[in-house]
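Below, chains carry the letters A, B, ... as their sequence lines are ordered, and counting in each starts from 1.
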Amino acid sequence: MSNIRVRFAPSPTGALHIGGVRTALYNYLFTKKHGGTFVLRIEDTDQGRYVPGAENYIIESLHWCGIMPTEGQGIGGPHAPYRQSDRKDIYQKYALELVANGKAYYAFDTPEELEAARNEAAATGNHNFKYDTNSRKAMKTSLNLPAEEVQRRLDAGNDYVIRLKVPENEVVTFTDLIRGEVSFATSELDDKVLMKSDGMPTYHLANIVDDHLMEITHVIRGEEWLPSTGHHVLLYRAFGWEATMPAFSHLPLILKPSPDSYLTKSTIPTITDALTEEFFKKNEKQDFAIDREKTKNQILQILQDAKSISAQLKENEKDSPDKILLKEFLKDSLFGKLSKRDGARLGFPVFPINWEGSGDDSIYKGFSGEGFLPEAVVNFLAFLGWNPGTEQEIFSLTELSEAFSLEKISRSGARFDYNKAKWYNQQYLHAADDAELARLVQPLVEAKGYQVSDEYLAKACHLMKGRATFLPELVEQAPFLFGEVQTFDNDNIAKRWKPESRSIFEALANHLKAQPEFVAAPLEESVKAFMNEQGKKPGEIMPILRLALAGTMQGPGVFEMMELLGRDASLERLARAFNYFDAQIG
RNA sequence: GCCCCGUUCGUCUAGGGGUCUAGGACGCCGCCCUUUCACGGCGGUAACACGGGUUCAAAUCCCGUACGGGGUACCA
């Protein structure tokens, strides 16, 4: 395969969530593997949903992940512009071409008339009104209106849309690279709107025109597009572009995590509050006769039995209308496709980097903000729906692109697993370069008011990285490496420090003071020799040393800490601590 | 409702007719290591949705049912 061209085509309606990032990642990996071109196109044909800053956010996110496109919006290239709102005229032209060829038609029905048609159909028991081969016969279209009438309406500037004229009684079949052959009966397809009355194209038209013009060879997108792919194939045919139609691959969706993976005693109250809040907000226009406390208790009760949530949410004959409403809400909130809201309500990040939108509750912490390394996020995401078939779990971006293939993508939806994400981060943190970690953590160190050299910080990171899961923990879990001990674990001190301890520890301090070099390994040798000499067991000496140096029973090895702190600081800490210990038991 | 897609341990998955008494990873549990907390090492728990076919042989192929997911907008 040569001249492979793929595109990532998000719409700038807010922060790009992790599912979008994964789609971008797979597109990136596919082109890297085959030496192709990765295009970024912004699909902003819905003016109503445009969110300022989203486009920038998308680019920054891809940049953070290290999976930048090589052509497109914000980058440039031979097919500019890459923002669909800037390509408006192009779509108009192609839509008119379709009308001229009889593959599409004008429709003048107002939203009210469509609503009426829907209601009419519903009255006869058909709750499934479709604007299609049959129903269009009764609508105001250029297919059934007299030509003069159509022209008159166009001249008069009446609102209209252009719809695809779906052919009757055909079967559209295409091959999905992940799923194999997929077919749709055209009798099931509606006459999709191609051009909206505001003059903008819909996704369906714009995406076909652009993919064609931009010479896209492979469309790799989420499964939510699978049902409309029949329309898309029809459009390629209508334009006469079927010979160069891209190959389709529909990725499995990323699903919300299973509730029992995050529902614990400590999270249930918070999640209950968030859900209650959201439920009332969503239904504030509803005339509700039920009270908040009662609803909150109902939610709490359901969440508490995490294992049987789905059974509890099954609708029951005896359920009151508001109970049904609540159950439906919970079902949507707890199951199905991962959504932008899930991070806020369920307590884990769903965005790559932090998002600060305007308005209320629009600030979201991303993976980067939580202290994830981009390499870990990428590795984690790559494995959500794809697997190389080997037993290797840790892959660099380069390794991923070498191992990647569309055929290895699985077909079923993948549940988001935050535990796995954390594990990946821990692995990457553990393996990271000390100086690099120091660089990443430097802003936090400054924010805390600590003053240490780059070299010192790198050594501190070295000692801490094996014990941390998130970047900030490197610093937060070891304040004693950056300044005097602020708090002592008094319980442990009381347990281990005896009135007679002081003399032996002063002897030890003198022993340390006399060491030729203050380096971990020789220090350890020497202290062991001292303990032997004095007939003391490590358990009698080491914990005290640790408490004196760090104030806590947790942290890096005692001798490593001593080396890092240096002789003077170590001895000062010991002296100060022994006084404090005496005071504690005194 | 209708259409489309899917279904292997709690989760992510390997598997593409016999090598499967189903492999790996996360999580959980236990043991070891150990001056702490971790890391690490070792071990354990746990799955082919169900029913019919096809075949000498089915987790693997076919059909049905159930369940899950998506779509059903002048949203993408």
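- Separating the P atom of U60(B) from that of C48(B) is a span of 12 Å, rounded to the nearest Å.
- In this pair, Phe129(A) and Tyr131(A) present their aromatic rings perpendicular. The plane angle is above 60°, beyond the 30 to 60° band.
- One donor-acceptor pair, N or O on each side, does fall under 3.5 Å between the base of G1(B) and the side chain of Asn128(A).
- Here Gly385(A) lies in heavy-atom contact (under 4.0 Å) with sugar-phosphate atoms only.
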What is the per-nucleotide protein-contact pattern of nucleotides 58-64 of chain B, from the 5' end, where B denotes a base atom under 4.0 Å from a protein heavy atom, S denotes such proximity for sugar-phosphate atoms only, and - denotes neither? -------

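- Closest non-hydrogen pair, Pro472(A) versus Glu370(A), comes out as CD-O, 4.0 Å.
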Restricting both atoms to N or O, compile the protein contacts to nucleotides 3-9 of chain B shorter than 3.5 Å, with distance only.
| residue | atom | partner | partner atom | Å |
| --- | --- | --- | --- | --- |
| C5(B) | O2' | Arg179(A) | NH1 | 2.4 |
| C5(B) | O2' | Glu223(A) | OE2 | 3.3 |

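- When the side-chain nitrogen and oxygen atoms of Thr45(A) are compared with OP1 and OP2 of A76(B), one or more of them lie within a distance under 4.0 Å.
- As judged by a 4.0 angstrom heavy-atom cut-off over every strand, Pro556(A) is placed among the base-contacting residues.
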Distance-only criterion, 3.5 Å: show the donor-acceptor pairs between side-chain atoms of residues 157-175 of chain A and protein atoms not counting sequence neighbours.
| residue | atom | partner | partner atom | Å |
| --- | --- | --- | --- | --- |
| Arg163(A) | NH1 | Asp191(A) | O | 2.8 |
| Thr173(A) | OG1 | Ser183(A) | OG | 3.0 |

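- Ser266(A) and Thr264(A) form a side-chain donor-acceptor contact under 3.5 Å, judged by distance and modelled atom types alone.
- With G70(B), U35(B), C12(B) as the choices, the nucleotide that has an atom nearest any side-chain atom of Lys337(A) turns out to be G70(B).
- Ring geometry for His204(A) versus Trp225(A): interplanar angle over 60°, hence perpendicular rather than tilted (30 to 60°).
- In this entry U54(B) has no Watson-Crick or G-U wobble partner, no candidate having both defining distances under 3.5 Å.
- Taking only distance into account, the side chain of Arg467(A) meets the base of C37(B) through a donor-acceptor pair shorter than 3.5 Å.
- Distances shorter than 4.0 Å separate some side-chain N or O of Ser410(A) from OP1 or OP2 on U13(B).
- Among the atoms of the strands shown, base atoms are found under 4.0 Å from some heavy atom of Pro111(A).
- Separation of the Phe372(A) and Tyr428(A) ring centroids does not fall under the 6.0 Å cut-off.
- Applying the 6.0 Å contact sphere to NZ of Lys331(A) captures no more than 12 heavy atoms from other residues, nucleotides or ligands.
- In this structure C2(B) sits in a base pair with G71(B), meeting the Watson-Crick or G-U test at under 3.5 Å.
- Asp191(A) comes within 4.0 angstrom of no nucleic acid atom, judged by non-hydrogen atoms across all strands.
- Side-chain contact check for His250(A) and Arg179(A): no donor-acceptor pair (N or O, by modelled atom type) lies under 3.5 Å.
- Across the protein-nucleic acid pair, Phe505(A) atom CZ and U35(B) atom C1' stand 11 Å apart, rounded to whole Å.
- For G15(B), the OP1/OP2 oxygens have a side-chain nitrogen or oxygen of Lys408(A) closer than 4.0 Å.
- The base of U11(B) does not come close enough to the side chain of Arg415(A) for any donor and acceptor atom to sit less than 3.5 Å apart.
- In this pair, Phe581(A) and Phe488(A) present their aromatic rings perpendicular. The plane angle is above 60°, beyond the 30 to 60° band.
- Within a heavy-atom distance below 4.0 Å of RNA chain B, no residue of residues 113-121 of chain A is found.
- With sequence neighbours excluded, the residues satisfying side-chain contact (heavy atoms from CB on, under 4.5 Å) with Ile409(A) are Tyr26(A), Ile178(A), Leu251(A), Pro252(A), Trp386(A), Phe404(A), Leu406(A).
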Scan nucleotides 24-31 of chain B against the protein and return all N/O pairs shorter than 3.5 Å with their distances rounded to 0.1 Å.
| residue | atom | partner | partner atom | Å |
| --- | --- | --- | --- | --- |
| G24(B) | O4' | Glu391(A) | OE2 | 3.2 |
| A25(B) | O4' | Glu393(A) | OE2 | 2.8 |
| A25(B) | N3 | Lys420(A) | NZ | 2.8 |
| C26(B) | OP1 | Trp423(A) | NE1 | 3.2 |
| C26(B) | O2' | Lys420(A) | N | 3.4 |

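- Using a 4.0 Å heavy-atom cutoff across all strands shown, Tyr203(A) reaches at least one base atom of the nucleic acid.
- Using C1' as the reference atom, C29(B) and U45(B) are 7 Å apart when rounded to the nearest Å.
- Between C74(B) and C62(B), the two C1' atoms lie 43 Å apart (nearest whole Å).
- One side chain, His231(A) or Asp190(A), offers a donor N or O that lies under 3.5 Å from an acceptor on the other.
- Gly539(A) comes within 4.0 angstrom of nothing in the nucleic acid, heavy atoms only.
- Defined by atom type and a distance below 3.5 Å, a donor-acceptor pair is present between the side-chain atoms of Ser85(A) and Asp44(A).
- Ring-plane geometry between Phe380(A) and Phe367(A) is classed as tilted, the angle between the planes lying from 30 to 60 degrees on a 0 to 90 degree scale.
- For A76(B), one of the phosphate oxygens OP1 or OP2 lies less than 4.0 angstrom from a side-chain nitrogen or oxygen of Lys196(A).
- For C74(B), one of the phosphate oxygens OP1 or OP2 lies less than 4.0 angstrom from a side-chain nitrogen or oxygen of Arg163(A).
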For a ring-ring contact (aromatic ring centres under 6.0 Å, His included) check, start with the C-alpha distance between Phe505(A) and Trp497(A), then their side-chain angles and the critical distance, and finish with the verdict. CA-CA 10 Å; Phe505(A) 279 97; Trp497(A) 183 261; 5.6 Å; yes

